[in-house]
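Below is one structure; the comments refer to it alone.
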2 protein chains.
Amino acid sequence: MPPRHFPHPGVASSLPDSVAEAIRQKLIHGELCAGQRLSEAQLAEQLDVSRNTLREAFRILSKEGLVHHAPNRGVSVVIPSIADIIDIYRIRRLIECQALAQSWPRHPAHKRMRQAVEQARQARAAGDWLQVGSANMAFHGAIVALADSERLSAMFSDIAAELRLAFGLLNDPEYLHAPYVDQNAHLLQLFEDGRIAEAAVELENYLVQSERMVLAVYARRVE
Amino acid sequence: MPPRHFPHPGVASSLPDSVAEAIRQKLIHGELCAGQRLSEAQLAEQLDVSRNTLREAFRILSKEGLVHHAPNRGVSVVIPSIADIIDIYRIRRLIECQALAQSWPRHPAHKRMRQAVEQARQARAAGDWLQVGSANMAFHGAIVALADSERLSAMFSDIAAELRLAFGLLNDPEYLHAPYVDQNAHLLQLFEDGRIAEAAVELENYLVQSERMVLAVYARRVE
DNA sequence: ACTACGCGGATTGTTGAGCAATCCGCATGC
DNA sequence: GCATGCGGATTGCTCAACAATCCGCGTAGT
């Protein structure tokens with residue numbers, strides 16, 4: 001029996017999968033904005049697929065929470081609400097902190113953490129804040145991977161994408177991402193030194209702080 | 001702005017949603033067995049929908065982990081592996097115990113817990129073990145609901161469905177479900193008495209025990 | 001002027017047919 | 001026994017069509 005494969009961003013076997021991935025990329029790169037209506041006919045032509053295929057992609061994205069499907073009104077990009085942000089950060093604290101606290105010290109995922117930190121540094125040096133955001137999410141994805149759970153990682157991946165969508169609503173990527181590059185590095189340092197408990201506590205603070213900042217910027221934006 | 005709605009088993013706005021729900025029900029009721037191939041043409045005719053609509057439903061179920069999509073080979077019902085069982089129980093312990101431990105004592109979800117216990121008792125009295133299984137999952141869903149997180153609840157719902165799929169592979173529903181009716185009731189009692197910490201500990205033991213039993217039956221079944 | 005109504009265009013929801021690509025079972029041949 | 005290759009069946013995807021629904025807008029009525 002072949003190992004189960006959870007269809008995941010990045011791998012695209014079928015056309016609807018790659019269409020979904022293409023739309024995800026458009027979301028990350030700001031080509032599609034939160035709240036925007038996604039016309040089936042228009043988007044199908046733009047991506048050069050049939051409406052039916054696009055519809056399958058919409059089902060996927062809808063289940064991921066990136067897109068909202070209103071009966072007879074089609075799909076539009078989700079606008080994460082304050083409640084959504086709070087929800088997401090609550091889950092992140094629950095999952096990431098547990099994953100880190102219970103982690104096996106020399107877990108293979110620590111390589112991914114290192115890579116992400118390195119990538120974030122390079123991207124920051126290049127001023128590519130989108131890339132910094134990706135690297136940051138990769139870092140936290142690696143933390144979740146410490147828990148060795150496919151399903152948890154899959155869920156985190158969805159949540160991370162939704163959070164990036166929220167970040168896209170804000171307009172100061174440097175302010176939003178820059179501080180966390182060094183914090184991630186420090187977290188990694190603690191982890192590699194085997195100071196797991198300290199790392200978990202720091203991660204918790206980190207997440208509380210991050211949530212607070214996002215909510216603050218978010219609230220100001222509503223004006 | 002209308003509140004976000006996470007498309008959930010039970011509510012079906014569009015046709016693909018209700019087709020997905022119909023298939024879920026078939027899975028629960030054993031009309032479709034794990035590993036079974038789902039022919040598009042055949043199932044489409046049986047459910048009286050078009051192949052395209054069925055395909056949309058497949059995408060949903062695939063994201064839920066109930067169905068596996070192999071390129072050019074169509075979809076088949078997932079066969080949960082031992083690793084999947086372990087994964088699921090790991091997540092259950094992580095999520096349910098946290099949700100219970102951090103719960104606000106008089107949280108509205110406790111009504112759902114009461115209802116589920118009552119329903120389980122009635123179903124047990126009637127010898128309807130499928131219903132007992134549903135009530136048991138409803139009880140644990142209510143525990144997760146204590147965390148007040150849409151996303152967590154949605155994820156748990158998916159996981160619970162997958163677990164029921166695994167239960168379907170086993171053939172002794174009474175042995176599988178009967179012991180937990182009273183344990184749930186006891187858990188509820190502790191919760192309502194405000195003995196949250198005790199309840200959380202008991203839940204953890206409960207889940208470890210449950211996992212052990214399922215894995216044991218599972219391993220025996222492989223012969 | 002303001003609301004209620006209703007019309008018409010545009011979009012979605014769903015279907016059915018059609019066709020290329022791929023897989024699977026099976027017979028053939030070595 | 002094993003590789004080869006053929007043919008039917010299935011999947012992957014597209015296209016076109018049509019009913020149902022929504023939305024904007026003009027009209028009528030007060």
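What you see is a predicted model; the values in this text were computed from it and never measured.
Nucleotide dT14(D) holds its P atom 15 Å from the CZ atom of R55(A), rounded to whole Å. Following rounding to the nearest Å, R51(A) (CZ) and dT14(C) (P) show an atom-to-atom distance of 11 Å. One atom, CD of E45(B), and another, P of dA9(D), lie 16 Å apart when rounded to the nearest Å. For the pair L43(A) CG and dT12(C) C1', the computed distance is 14 Å after rounding to whole Å. Between L15(A) atom CG and dT22(C) atom C1' there is a gap of 16 Å when expressed in whole angstrom units. For the pair Q42(B) CD and dA9(D) P, the interatomic distance rounds to 14 Å; values are reported in whole Å. Atom CG of L54(A) is separated from atom P of dT14(D) by 10 Å (rounded to the nearest Å).
Annotation: of the two residues near DNA chain C, G74(A) and T53(B), the 5′-most nearest-nucleotide partner is G74(A). For P16(B) and R37(B), each mapped to the nucleotide of DNA chain C holding its nearest heavy atom, the one lying further toward the 5' end belongs to P16(B).
For R59(B), counting side-chain heavy atoms from C-beta on, the closest listed nucleotide (dC13(D), dT12(C), dT15(C)) is dC13(D). Comparing dT15(C), dT12(C), dC13(D) by their closest approach to the side chain of N52(A) singles out dT15(C). Closest to the R73(B) side chain, of the nucleotides dT14(C), dC24(C), dG16(C), is dC24(C). For E40(B), the side-chain atoms get nearest to dG12(D) when compared with the rest of dG12(D), dT14(C), dT15(C). In this structure, the nucleotide among dT14(D), dC23(C), dC13(D) sitting nearest to the side chain of N72(B) is dC23(C). For S50(A), the listed nucleotide lying nearest its side chain is dC15(D); candidates were dC15(D), dC23(C), dT15(C).
Contact of the N184(A) side chain with the L188(A) side chain is not registered, since no non-hydrogen atoms from C-beta on lie closer than 4.5 Å.
OP1 or OP2 of dT11(D) has not a single side-chain nitrogen or oxygen of H69(B) nearer than 4.0 Å.
Side-chain N or O atoms of D84(B) include one that pairs as donor or acceptor with a backbone N or O of S81(B) at under 3.5 Å.
Under the rule for a ring-ring contact (aromatic ring centres under 6.0 Å, His included), F58(A) has no partner lying at least two apart in sequence or in another chain.
Residue E31(A) qualifies as enclosed at atom CD: its count of foreign heavy atoms under 6.0 Å is above 12.
The ring-ring contact (aromatic ring centres under 6.0 Å, His included) contacts involving residues 122-141 of chain A comprise H140(A)-Y206(A), where partners must be two or more places apart or lie in separate chains.
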